Structures are given as structure tokens and as C-alpha cells.
Amino acid sequence: MAKRVVITGMGVLSPIGNDIPTFWNHLIQGQSGVGPVTQFDASDFSTRIAAEVKDFNPLDYMERKEARKMDRFVQFGVVASQMALKDAGLDIEREDPDRVGVYIGSGIGGLKTWEEQHKIYLKRGPNRVSPFFIPMMIANMAAGQVSISTGAKGPNSAAISACATGTHSIGDATEILRRGDADAMIAGGTEATITPMAFAGFCANKAMTTRNDEPEKASRPFDKERDGFVMGEGAGVLILETLEHAQARGANIIAEVAGYGMSGDAYHLTSPSPDGEGPARAMKRAVEDSGLELEQIGYINAHGTSTPLNEKYETMAIKSAFGEHAYRLAVSSTKSMMGHLLGASGGVEAIATALALKEGILPPTINYEHPDPDCDLDCVPNEARRTSVQAALSNSFGFGGHNATIVLKKYDGAD
Amino acid sequence: MADTLNRVQRIIVDRLGVDASEVTPEAAVKDDLGADSLDVMDLILELEDEFSMEISDEQAEKINTVGDIVNYIESRS
């Protein structure tokens, strides 16, 4: 019998807050975290706005000696993990460290480090490249450094599936717990790619918005005038535990991870599959896996990137998976406020979804002004909604045609 | 000599996060100052830049203490 898995702690670094209460308050207030790019001179780029993490100083959390060996995405992952462990009251020194694992991915990895070191290579040759270049840059290193800094010695790995990374990491970590290979997992995603090459690349494939004059209105999922995503950065990390382990130590249970589904589009490098049939299969599998009825799902935290194609096809996918019930669901995109955190998005959006269940408040889709006939579901426009929902999905879809969905369920302690 | 030691000390303090008082000529870079093999390679790069010189891998392997570094740099300048 597979074990039940619950969320007992959460840590976040995001464009709208560097702790859970601030993050949540900004989400339900509908506050945007988007502004002009400050991390490099973006004046030559067609997109010059981003959703940056503000006021992050790694030295507030770690020694300089450690910080300088970590790319920004690794620093985010380590700090969010520390917060999540603290939130969960999980002290690895008092646990069997071999039973606590880490599953934290990044969609791209240490691009900032890559660019800096490549400049050194071009200017000064191969012998001047830092010995820390590779271990700072590789996309699995947040999982490695979290293990090193916390002492967690259980299963340790990282999903690398572009914008589906965070959800795959949480889903895969859930499977590890279900089959009994660990008692607790530190799981989520982290990303920090507000860099010239990432911007050049995403500008080149026309994936990002060019609404540079109105940064706070640029991310507008489901709105007819949406024109591309806003790049975000940050990390979202959960502490997942088997229900029995959480109960045995008297942990505060935030929500249950009830199901996980994934699929591949087998279609195109960057475009979603027509009719959203790939995401539809992932959603259906996730709900089946949870043992819930489709009608018990009351909310979907959409992938909702604010690109013209995504919401059109995601809407079709939800209708295909849920039939008539699609019109009774609430489907909001928190990317309207914090932008698209790429590989971290599944992590922070799982946190938003868990809090929506726990608090009985659905975060809105802000900047919804112009209805799009292709997107005719209830996107919780512009204002948060107080309503109790029993179970919810969080969707993430990545370049390459990776689709991942998790089902979170309200934990009422009754069973 | 004192100038070289000061410059080496400054780099080691910066890179290894140790107190300047610990960076004595007798201090072993790995055993006393906590450097691992990657830290040593990183230090060598910094020292090469600071003193505009090349330190061969063979030489780098012979370095044990802070004094070894200072002596090697002095012998080359």
C-alpha cells in the first residue's frame, strides 16, 4: 500500500516576497513583482522587464566562503530549503539522515556563472577558468548543495525538464516517499536566469512580452492582449513527508499531495501540442492517481504563462480533461503577479496552491481586461476569491513537451 | 617579504573566509585553513593574477603552508 504524502513546510524566494507570509499576502492582494531589469543593461533587448527577487543578500543566510561557490540559483535553492526545514520544524540531526532526501531541479542551471566564465575564457584563455565553474553551473547542484548544507543523506536527485522542473521534482519526490524509500523529502525548483544570454535566447524565439512600458501589466494570462511571458526568478521548496512520519513527530500538516501525472507531447521543441492533448493526459492521470473524482477538483493553478498559445491550449486541455466540470472550476495563473520562474515555477506554484487550499482563498489572475473567446474558463479575474476548495491541481509544461500535474488535497486531519 | 605576506594573507582571508590572524607563515593551507583541492586551485589562480606570474601544477602541488607560497613568490620576483 503506497504511503500518503503531506506537505509540512514551505520556503520561498520570489519576485513578490522572500518569506511565506509576504508572498501569500502579495498573491491575494494581486500585487505585481514585475519591473525594469536591474541585473544587467537590457537596453539593447526587445524585452527589458523581469520579475526579479528583491533585496536578496546571500550573506544574510550563509558565509561568504560558501556563497561565492554557488551560482545565484543554488543560493536560492539552499536558502529556500533552510526556510522550509525551519517552517516544518524538521531537524535532520534528530532524524535518520539516510531517510531524508532532496529532489530540487532547475530548468537551466547556472547560466550566470556560465556567461561570466565564458567571458574570462574568451578574454584570457582556458587556464583562467575557475575550478568552481562546472560545480557552480550544473543544474543539479542545488540538490547537491542542499544535501551538503543540511546533512540530508537520503535519495538525492534533480529533475531538469525546463518549465516543468519544479512540478516534476515534487511529483518524483512524492513517489519516492510513497514507495517507502525515504521518510521526508526536501523538494522543489530553483531558477536564476535574468542574464543577457537567457534574454537574448528567449527574445529570439519571441516567447517574452515586449510590453516594456507597463511592467506591472505585462504578465496577463488569459487576457486577449497577452503577448508573451515575463521572466521571473526564485525558488520554491516544500518539505514532503509520509503522513505517518509527520504524525509521529506531531508536525503541522499544510496539505496532502494526493496525485501526480505526467506526459510527453511528442510534438515540437517549443510549441504546445495542438488541442492541449498532452497536458490533458497529464491532468487526467494526476486525478486518477489521486483517487478523487473530477468533480472534487475545485481549483487549478494554471501553467498560464501569458503567451498567446499556452492559455489557448491549456484551456482546451482543461476542457478535454474535465468535460463540463471545466466551467465550474476556478483556474487562475499566479504568473500574472510573479512572472514565469521557469524551473522554479512548479515549486512556488505548489506553495500558492497549498495555501489556497489551507486558507480557503484563491489567488487571482491580475491584469485581466479583455476577454478572449479561446479562454472562456473562470480565471478568478483581478481579485482573490474566498471559497473553500477540497482539492486542486498545479500544472507545469516545459519546452520539449514535458507536462506535469500534481493534485493537492486539503488536509482536515479527519482521516 | 612583509608586503608579499600581506598580499597573500588578504587573498586567503577573502577566499577561505578565515581570520587574518590565522594566516601565519606556518599555517598549512589545507589542514589549518580548511582549503579543499578546489579552493587551492582557485587560490593559485588568484595568486597568479595578483603577482602577474605563472605557478605550474608541479609547483602548486609542493605548496603546503602560507610560508611556502610567500617563499615561492619571493624566489620568482
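Proteins come first, then strands; the chains are lettered A, B, ... in the order of their sequence lines, and each starts at number 1. All of these numbers come straight from a predicted model, not from anything done at the bench.
Using a 4.5 Å cut-off between heavy atoms, A/Arg68 touches chain B through its side chain atoms alone.
Heavy-atom neighbours of A/Lys54 NZ from other residues, nucleotides or ligands within 6.0 Å: above the threshold of 12. A/Asp60 CG: more than 12 foreign heavy atoms inside a 6.0 Å radius. Annotation: A/Met62, atom CE; neighbour count of heavy atoms from other residues, nucleotides and ligands within 6.0 Å is above 12. Within a 6.0 Å radius of NZ in A/Lys153, other residues, nucleotides and ligands contribute 12 heavy atoms or fewer.
Between B/Val40 and A/Pro131, the closest side-chain pair of non-hydrogen atoms is not below 4.5 Å. Residues B/Glu54 and A/Asn127 fail the side-chain proximity criterion, which asks for heavy atoms closer than 4.5 Å. With a 4.5 Å cut-off on side-chain heavy atoms, A/Arg64 and B/Leu16 do not count as touching.
When atom types are taken as modelled, the side chain of A/Arg128 and the backbone of B/Leu45 share a donor-acceptor pair closer than 3.5 angstrom.
If you tally non-hydrogen atom pairs under 4.5 Å between each of A/Arg124, A/Glu66, A/Glu63 and chain B, the highest count goes to A/Arg124.
Using a cutoff of 4.0 Å between basic side-chain nitrogens and carboxylate oxygens, A/Lys69 and B/Asp39 are scored as salt-bridged.
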